[in-house]
Number of protein chains: 2
Amino acid sequence: MDTRERIVNAAADLMGRHGYTGTGLKQIAAESGAPFGSIYHFFPDGKTELTAAALRWSGEGYQLLVEGVIDGEADLLDGLRACFEGAAEVLIASDYADACPIETVALEVASTDETLRLVTAEIFANWIESAASRFEAAGLDHDEARHLGIAFISALEGAFVLSRALKSPEPMYAAGRPVVDAIVAALARADRRGPS
Amino acid sequence: MDTRERIVNAAADLMGRHGYTGTGLKQIAAESGAPFGSIYHFFPDGKTELTAAALRWSGEGYQLLVEGVIDGEADLLDGLRACFEGAAEVLIASDYADACPIETVALEVASTDETLRLVTAEIFANWIESAASRFEAAGLDHDEARHLGIAFISALEGAFVLSRALKSPEPMYAAGRPVVDAIVAALARADRRGPS
DNA sequence: GTCTATACTTTGATAGAC
DNA sequence: GTCTATCAAAGTATAGAC
């Protein structure tokens, strides 16, 4: 792994746990084993540019992870349930440190850094589209698939907040059920309208 | 309003928008109009103690606000819908700055400050209990009311993240529907089991 | 209790030797 | 490209006059 990659990796890891303002460039240099000057060599625009790269890297990685979990199950609904269950397991295993890698940063920059806010918006939009496309492929119409995609990501993000604060996996399960049930109901309605 | 109250008020406001590490004590002193030294006069333990007070103040205020919205509607379900709708309106009116007042801080301190994490846990627990007690009063059994209370708060929190990042009210509506529908269904089941 | 000045640390960022 | 030394600013915290 080259130096640039190690820096981005360390930034993504630290920011996922401690947030944007809570993570210093010196800390990133130390954690990655890279000399401090290398950060500005690879990211001339400094912390903003590095953070954008870290967010995109985390965002892509997490999307692939979730897609793997969903597509790893024969049934779409089982795949969705596995997401909440898997997230709960990772939370417990990491003592509630490893959750959504971009959520804390997204909230921090939402009203303070428009450049980074746009990066988080693009990532969330990708996640929503990833989920919605699967719902649409399963038979839902475009709008309904999008709304439930948003509800799915919202439930995950909301449950991450509560689970980390309460140090309990309970929200992961309680928040997942209504969304999965809503998709079950929507698929049943779609099936009644036009069975494949 | 006395000095202490102004300080707590300013801290709660600033931290709600810019987070914990993103808000400085000097900024709080300036915003509140209080001299810097007064912060340490009223909060000898410094930033941690002040933040705990700000979180509790925000947490209580937001709970009262939401309870007012819910109880302001004749029907519980309309009250829940009004929460998501009202949150969407406030987001738009504030250019997506005013959302959940403790969410950003909760994520920031979850893995870095156990004292403050416990404060956010207590606040979220109060919110969950506030919602669950209303669901139970409407006819749901204790466990189901609690699970749906958690799902309700999770949906709100998750939608806040997405709405602020995307600068769109859409998540507020999309995330709210499955939870409200789940409560509709649960109430119908409870009614079938034992109509009042 | 109020307010100012200051100490100490850490931050993001830069310059320049190698 | 790598690495170190250093800057100016902002962070928390403290001391002490009034």
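In the text below, chain A, chain B and the rest are named by the order of the sequence lines, each starting its count at 1.
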Touch class at under 4.0 angstrom, heavy-atom based, for [X] against every strand present:
X	answer
A:Phe43	nothing
B:Thr23	sugar-phosphate
A:Gly37	base

If you check the [X] side chain, which of [options] turns out closest?
X	options	answer
A:Leu25	D:dC3, D:dA13, C:dG12	C:dG12
B:Tyr40	C:dG12, C:dT2, D:dT14	D:dT14
B:His41	C:dG1, D:dT2, C:dC3	C:dG1
A:Lys47	C:dG12, C:dT2, D:dT12	C:dG12

Next on the checklist: Distance alone, cut at 3.5 Å: any donor-acceptor contact between the side chains of B:Glu170 and B:Ser163?
Outcome noted: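 There is no such pair between these side chains.
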In whole angstrom, give the distance that lies between atom [atom1] of [X] and atom [atom2] of [N].
X	N	atom1	atom2	answer
B:Ile28	D:dA13	CD1	P	11 Å
B:Asp45	D:dT14	CG	C1'	14 Å
B:Ile39	C:dT2	CD1	P	13 Å
B:Phe42	C:dG1	CZ	P	7 Å
B:Met15	D:dG11	CE	C1'	12 Å
B:Phe36	D:dA15	CZ	P	14 Å
A:His18	C:dT10	NE2	P	16 Å

Item to check | Along DNA chain C (nearest heavy atom to each residue), the more 5'-positioned of A:Pro44 and A:Gln27 | outcome: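 Going by which nucleotide is closer to the 5' end, it is A:Gln27.
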Checklist entry - Does A:Thr3 have a side-chain nitrogen or oxygen under 4.0 Å from the phosphate oxygens OP1 or OP2 of D:dT2? => result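 Indeed, a polar side-chain atom of A:Thr3 lies that close.
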Item to check | Charged N-O contact under 4.0 Å between A:Arg146 and A:Asp143 | outcome: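 Salt bridge absent between A:Arg146 and A:Asp143.
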Item to check | Inter-residue atom distance A:Arg117.CZ - A:Glu108.CD, 0.5 Å rounding | outcome: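 Here the interatomic distance stands at 16.0 Å.
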Checklist entry - Between the main-chain N or O of B:Gly59 and the side-chain N or O of B:Trp127, is there a donor-acceptor pair closer than 3.5 Å? => result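 A pair under 3.5 Å: yes.
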Checklist entry - Which atom pair, heavy atoms only, marks the closest approach of A:Phe42 to A:Glu49? => result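 Residues A:Phe42 and A:Glu49, closest heavy atoms: O-OE2, 4.3 Å.
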Checklist entry - Has the side chain of B:Lys26 got a donor or acceptor atom sitting under 3.5 Å from an opposite partner on the base of D:dG11? => result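 A donor-acceptor contact between them is present.
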